[in-house]
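For reference, the structure discussed in these notes is given below.
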Amino acid sequence: MERLDWLAVVRHGLSTGNVTAQEAEAGGAERIEIPERDADVPLSETGREQAEAVGRFLREQRPDLAVVSPYLRTRQTAEIALGGSGVPVVVDERLRDRELGVLDLLTARGVEARLPDEARRRARLGKFYYRPPGGESWADVLLRLRALLREIHEDHPGGRVVLFAHEATVLMVRYLAEGLLEQELMEIAHRTAIANCSVSSWRRDGDRLAPELFNAVDHLELHDAEPTRQEDVNAEPV
């Protein structure tokens, strides 16, 4: 099967929820107080500036398709970045953020204080396979990403596709594109904070996708947009 020529993942710009989550963690709170449901959290003003900067980078890369998470912050990032470019945009729910169930909106302190049994179960199973009640494991998310990427490869052979998605998605696409093992993925996740509006990309090399960029933010600094690395609203506490 012919593969894509180029695949990139852009994490959404800084959201208002990112800012609130960072403040809750720093202040020792147990819960992140966000009025919207996660799917409706918008970009902050900094996030909009980041989206404009990544748009300038993408114009040079000339993608021919964008696939976007349905969450508001990712759709806003794509709209700002691709505005006026003519790049077709497809919204696909398989790119949505990981669902955390009972852990949603809890800080690391909150999980330990309110759900100690779940904290112990997660520590025993590991983040890759641990599924919180009502939520998804990393392995669950990979199932939907595998299906999405297979369709993209089949429907756009030789194409140049950019995904607009979330923090964990960047790591999981790297896992799939590079054929990593669980331990390798977890080591990368432990040492890497995925930046808002960062670009990670892979370019075709024979019959495989070879790494090109990972968590790159040079385009933000070039256009005077502040790089930020706040966790997603529902990012699983470490």
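- Once rounded to the nearest 0.5 Å, the distance linking CG of D104 with CD1 of I34 reads 8.5 Å.
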Which donor-acceptor pairs under 3.5 Å do side chains of residues 51-64 form with protein atoms, sequence neighbours excluded?
from	atom 1	to	atom 2	distance (Å)
R62	NH1	E60	O	3.4
D64	OD1	R160	N	3.2
D64	OD2	R160	N	3.2

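- To the nearest 0.5 angstrom, S15 atom OG is 13.0 Å from R48 atom CZ.
- P227 and E221 make their closest contact through CG-CG, 3.7 Å (heavy atoms, listed as atom of the first residue, atom of the second, distance).
- No continuous path of hydrophobic side-chain contacts links L72 to V67 [ILVMFWY only; heavy atoms under 4.5 Å].
- To the nearest 0.5 Å, the span separating CD on E112 from CZ on R120 amounts to 8.5 Å.
- Taking each heavy atom of G206 and R204 in turn, the nearest pair found is O-CG, 3.3 Å.
- Each of R73, R37, R11 was evaluated against D97; a single residue qualifies, R73, per the salt bridge (Lys or Arg N to Asp or Glu O under 4.0 Å) test.
- Distance CG/L7 to NE2/H156: 11.5 Å, rounded to 0.5 Å.
- When all heavy atoms of F128 and S137 are compared, the closest pair comes out as O-CB, 3.6 Å.
- W6 places none of its side-chain heavy atoms less than 4.5 Å from the side chain of L209.
- Without hydrogens or angle criteria, E212 side chain to S201 main chain gives no donor-acceptor distance under 3.5 Å.
- Between H12 and F164, the gap from one ring centroid to the other reaches at least 6.0 Å.
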>> Please evaluate residues L103 and Y130 with respect to the criterion side-chain contact (heavy atoms from CB on, under 4.5 Å), reporting the C-alpha separation (whole Å), side-chain torsions for both, the decisive distance (0.1 Å), and the verdict.
In response: CA-CA 12 Å; L103 303 188; Y130 167 70; 3.8 Å; yes

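- Every pair passing salt bridge (Lys or Arg N to Asp or Glu O under 4.0 Å) that includes a residue from residues 173-191 is listed here, sequence neighbours excluded: R174-E178.
- With a 4.5 Å cut-off on side-chain heavy atoms, K127 and M186 count as touching.
- At least one side-chain heavy atom of L65 sits less than 4.5 Å from a side-chain heavy atom of V90.
- Interatomic distance, CG of L142 versus CG of L185, reported as 7.5 Å (0.5 Å rounding).
- The two residues C197 and T77 make their nearest non-hydrogen contact at SG-CG2, 3.9 Å.
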> R203 and D5: salt bridge (charged side-chain N to carboxylate O under 4.0 Å, His left out), yes or no, with the steps?
Replying inline: CA-CA 6 Å; R203 190 174 298 275; D5 273 351; over 6 Å; no

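- In this structure, A29 and T107 approach most closely via the heavy-atom pair O-OG1, 2.5 Å.
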>> Assess the residue pair W138 and L171 against the criterion (side-chain contact (heavy atoms from CB on, under 4.5 Å)); give the C-alpha distance rounded to whole Å, side-chain angles, the decisive distance to 0.1 Å, and a yes or no.
In response: CA-CA 10 Å; W138 284 43; L171 294 164; 4.0 Å; yes

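- At least one side-chain heavy atom of L43 sits less than 4.5 Å from a side-chain heavy atom of I80.
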> Which is it for E118 and R121 under the side-chain contact (heavy atoms from CB on, under 4.5 Å) test, yes or no, and what are the steps along the way?
Replying inline: CA-CA 5 Å; E118 288 303 312; R121 192 164 72 89; 3.0 Å; yes

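- Hydrophobic clustering of Ile, Leu, Val, Met, Phe, Trp and Tyr side chains at less than 4.5 Å, counting indirect connections, keeps V89 apart from L149.
- By the rule that hydrophobic residues join a cluster once side-chain heavy atoms approach within less than 4.5 Å of another member, V161 and L213 end up as members of separate clusters.
- The closest donor-acceptor contact from the side chain of E30 to the backbone of R114 lies at 3.5 Å or more, if one exists at all.
- Interatomic distance, L14 CG to T228 OG1, rounded to the nearest 0.5 Å: 4.0 Å.
- Residue pairs meeting the ring pair (Phe, Tyr, Trp, His ring centres under 6.0 Å) criterion with at least one member in residues 76-126: none, sequence neighbours excluded.
- Under the 4.5 Å side-chain heavy-atom criterion for Ile, Leu, Val, Met, Phe, Trp and Tyr, Y175 and L143 are members of distinct hydrophobic clusters.
- For the pair R229/V217, a side-chain contact is recorded, criterion being any heavy-atom separation below 4.5 Å from C-beta on.
- Sorted by first then second residue, the salt bridge (Lys or Arg N to Asp or Glu O under 4.0 Å) pairs that include residues 76-96, not counting sequence neighbours, are D92-R94, R94-E151, R96-E99, R96-E136.
- Between H166 and Y71, the two ring planes are perpendicular [angle over 60°; tilted spans 30° to 60°].
- Residues A24 and I32 approach most closely at CB-CG1, 4.0 Å, considering heavy atoms.
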>> Apply side-chain contact (heavy atoms from CB on, under 4.5 Å) to residues L145 and L95 and explain how you reach the verdict.
In response: CA-CA 7 Å; L145 289 178; L95 276 179; 3.8 Å; yes

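- Heavy-atom neighbours of D207 CG from other residues, nucleotides or ligands within 6.0 Å: at or below the threshold of 12.
- Residues passing the side-chain hydrogen bond (donor to acceptor under 3.5 Å, both in side chains) test with S198 are N215, sequence neighbours excluded.
- Annotation: side chain of T46 is in contact with side chain of Q50 (closest heavy-atom distance under 4.5 Å).
- Legend: ring pair (Phe, Tyr, Trp, His ring centres under 6.0 Å) pairs involving residues 77-127, not counting sequence neighbours: none detected.
- Note on I152 and V170: same hydrophobic cluster, where clusters join Ile, Leu, Val, Met, Phe, Trp and Tyr whose side-chain heavy atoms are under 4.5 Å apart, directly or indirectly.
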